[in-house]
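One structure is given below, encoded as structure tokens.
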Amino acid sequence: MTARTFTLGEIATELGAELRGDPDQVVTGLATLQAATADQLSFLANPGYARYLENTGAGAVLVTPAMADKAPTNVLVLDDPYLGYARVSHWFDESQTAVPGVHSTAVVDSSVTLPDSVSIGPYAIIEAGSVIGERVVIGAHCVIGAHCRIGDDSLLRPRVTLAHRVVMGKRCHILSGAVIGSDGFGFAIHKGQWNRIAQLGGVVLGDDVEVGANTAIDRGALDDTVLGDGVKIDNLVQIAHNVQVGDHTAIAGKVGVAGSTRIGRHCMIGGAAGVSGHLNITDGVQVTGMTMVTGDINEPGVYSSGTGAMNNRDWRKSAARFRQLDAMARRLKELEKKIEG
Amino acid sequence: MTARTFTLGEIATELGAELRGDPDQVVTGLATLQAATADQLSFLANPGYARYLENTGAGAVLVTPAMADKAPTNVLVLDDPYLGYARVSHWFDESQTAVPGVHSTAVVDSSVTLPDSVSIGPYAIIEAGSVIGERVVIGAHCVIGAHCRIGDDSLLRPRVTLAHRVVMGKRCHILSGAVIGSDGFGFAIHKGQWNRIAQLGGVVLGDDVEVGANTAIDRGALDDTVLGDGVKIDNLVQIAHNVQVGDHTAIAGKVGVAGSTRIGRHCMIGGAAGVSGHLNITDGVQVTGMTMVTGDINEPGVYSSGTGAMNNRDWRKSAARFRQLDAMARRLKELEKKIEG
Amino acid sequence: MTARTFTLGEIATELGAELRGDPDQVVTGLATLQAATADQLSFLANPGYARYLENTGAGAVLVTPAMADKAPTNVLVLDDPYLGYARVSHWFDESQTAVPGVHSTAVVDSSVTLPDSVSIGPYAIIEAGSVIGERVVIGAHCVIGAHCRIGDDSLLRPRVTLAHRVVMGKRCHILSGAVIGSDGFGFAIHKGQWNRIAQLGGVVLGDDVEVGANTAIDRGALDDTVLGDGVKIDNLVQIAHNVQVGDHTAIAGKVGVAGSTRIGRHCMIGGAAGVSGHLNITDGVQVTGMTMVTGDINEPGVYSSGTGAMNNRDWRKSAARFRQLDAMARRLKELEKKIEG
């Protein structure tokens, strides 16, 4: 991979940052304050890391105005250094080496018209009626089912599977192993046996949606499963059929959302949380990790459940007492009656 | 995809339903009561949706006898409208467009005899000694290890991996990303290091088994891992080595079942529940979502654990008190002694 | 698959065990004490199974010196029969039938030099600059990104995906569906929207690392995600970016470890446990299943959280009381004041 280099002057211009230092100094990469060397750029976003600033070996640091004087090196001053870092990070990204073209082993249905700007990897499959946008990258071993639509500039890492009629907007980023449009888990029970219900809905993803590695998003039973614009979903997440997730909501790894639940806009669902089916979670809700959500949440705010790790011996006692809680509450009530008359 | 159409007369005959309305009216699809249009069929199964019946735009509705008079449109009257819907749903399923034949890129070992009725997708691999039933569909990018057996009419969606010696019955349905027959997590610890134990058992699935997207089912250490007839497993489920699941048990998404546990027949394991290893769960047990099962369950019934989401500030207080529960119980006891003598 | 057979004399020599019985007796496989037949070898490791010893039909049993006299058949006496079983198990493993060679359908970049001893399966892909060790087996449909390094004798089951710059040591074992080196879940929020941060770090796995089916291990944001020597990870585990796991730590199925957390050496993390980000877990920590770890753990020992399954009716009462715990504690305090003055 070719090393990419930028001068501090170029970076300042691109970010609209104020440079205090040498505009001709070259940086060849990004690193943390602790690890950065003289040809690397670093950043200070989290005040908890401020102690690393004064001894950093970085060639330059992205900082807020308040911290600009404390750096022993060149600084690029801007209001949101973390955002600046996010932007610069892409310039040094080696992961995207795709060049336009269709690999000779790709199996593309004759009904599909591919723009010249797309990149289709080895052994990728695109089935009938699918529509692929400009500059879309479809990695090796991806399977794109029939009648899918993939918006411009979307990137599918190797081994992504879309079933039929999955629609995604522009600039989506789908990680390896993700399955989108798998059949929802729907059955009609009859005489103790489960009769499968064909899942006739689709999946619709907005623009700028991220779907993590080995995540599964089921197609709807009749209506579609829908993820709004800017929704970010981490690895190993389960999104069941007919779930709706509002714009700019982020869902961390290992979360499960059961069928037909609606999650609002600008929510944050912590890792391994579980959300039951048929619920409404309003906008602006934050759910901490491993929380069990079994009812609607109608007010924005932070919600939690569970209890944290304890020494096993102590935990055994608390867990045993949990079973007695109702009895304890009744005994407490009884005592209060006796004492307070 | 070709639209399929049916007359109400045809549907009534097929379902054994009583038609009150025009037998020649054509329906072209299924939809919810709220969304259905004049050429679509809907259904009323959950009484909670009864309020949508009187204003539905559906061309016809599947209803129970009790609700038949309340619909503003044609009705198909039957005892279990949900089951009727389940059956009709398959007639409109566009997901299954496989035609018999073996794609030219499939790699099929010369020892394998494929029935003419099978459909093998692009880049599928079938290894030595495997036996594939009639009308089996093996999707693109599936890998079928050596000495597997797949029963008639089973459907493997694209990108399913079976290791060697995985056996499944008839009409199984395996979703994309599922891995069946992966090595169980078995090690002998010696001087602080883990020595891997080869997993010599297989996996046996009965008839009509469903396995969800990105689910993993490990092969047994010595004996087989066994799923009975009609077992339904959702996405991202972990079934460890030597687990046995009884007939017609359903396991929702993100459940984990640890090694050598036996789950009975007709159980329902809620989403993200966890079941420890070496347990016995009897028939007819229902476990609610996110429950932690660490002991045998010998009586049918509903079992739960965990606590639901709370406002974070309140939760912090409860969670802190959980740590003090044993002390609280002792103090309560002490007070009782003092008061009651 | 060819049956492999060994005499008891051969096995005794190989394991350094004392044989009490017929050195010429042949065994053709391994089985449990309950299931073993006269041509099979069994073992007694867990004292809980000692009751099966006297009636076993096994042709021979691996036992400790203390149990040697209690077997009705040939015995191989050794200090750690379970370790003996672990070693013998590999001799009967049919899963590994790979022969050296590169399948004609594999797509190997011209920059890659493959040792003659490697086995590369159908439709595997190896991208530019990757270095593959001696006797490495890369299963069907694996994708090895650019600039990866795979140590000698490592085994990648079918359908493993390594993104670019993933490094693993010798004798690693990666199960189907695993994704290693996927992009970490890193975003800078700006005006309510998530701006993706390119993940520039890599993943480094030591020697003898096991990674389970459909597990996801993200690449680091700037530094690498690191798993030490002998780390064993089960199925459907999420290892987020910049996590570090110490040597010989085992992580069971469905665990999630959030970003930048460090787990020490010789730890055991139980199934479906969750570990928050930016934590330090010291060496020798054992976390039981489904535990929620939200703070540092500085002392070795066993840690737990959660509560076990209860009858649903009783559980509802305890769960409701959990919400009142702080009030209960205050009321208890109040009573104590009144009584004790």
Chain A contact via [X] - which portion, at a heavy-atom distance below 4.5 Å:
X: B:A250; value: both
X: B:N214; value: side chain
X: B:L236; value: side chain
X: B:H266; value: side chain
X: B:F322; value: both

Return the option, out of [options], with the maximum number of heavy-atom pairs under 4.5 Å with chain A.
options: B:M290, B:R87, B:R316; answer: B:M290
options: B:E210, B:M328, B:R265, B:H141; answer: B:H141
options: B:R157, B:H173, B:K333; answer: B:H173
options: B:D93, B:L332, B:N311; answer: B:L332
options: B:L83, B:L30, B:L175; answer: B:L83

Rounded distance (nearest 0.5 Å) linking atom CD1 of A:I138 with atom OG of A:S130: 8.5 Å
If you count heavy-atom pairs under 4.5 Å with chain B, which of [options] comes out on top?
options: A:T294, A:T105, A:V293, A:T161; value: A:T161
options: A:R159, A:K254, A:R219; value: A:R159
options: A:V143, A:V287, A:D314; value: A:V143
options: A:Q238, A:K317, A:R196; value: A:R196
options: A:A258, A:A221, A:A188; value: A:A188
options: A:L325, A:V237, A:D218, A:I297; value: A:D218

Counting the benzene-type ring for Trp, do A:H164 and A:H147 have ring centres under 6.0 Å apart? no
Minimal heavy-atom distance between A:L279 and A:D296, with the atoms involved, is CA-OD1, 3.4 Å
With distance as the sole test, does [X] use its side chain to make a donor-acceptor pair with the main-chain N or O of [Y] at under 3.5 Å?
X: B:S119; Y: B:A98; result: no
X: A:T307; Y: B:R323; result: no
X: A:S305; Y: B:M310; result: no
X: A:W194; Y: B:H248; result: yes
X: A:D234; Y: A:G253; result: yes
X: B:S318; Y: B:W315; result: no
X: A:S260; Y: A:N242; result: no

So for [X], is it side chain, backbone, both, or neither that comes closer than 4.5 Å to the heavy atoms of chain B?
X: A:V160; answer: backbone
X: A:A320; answer: neither
X: A:N195; answer: both
X: A:T215; answer: backbone
X: A:A178; answer: backbone

Scan A:I180, A:V167, A:I233 and name whichever one has a side chain to side chain contact (heavy atoms under 4.5 Å, CB included) with A:L205. A:I180
For B:R171 and B:D153, what are the C-alpha separation, side-chain angles and deciding distance, and is it a salt bridge (charged side-chain N to carboxylate O under 4.0 Å, His left out)? CA-CA 5 Å; B:R171 298 172 302 277; B:D153 299 297; 5.5 Å; no
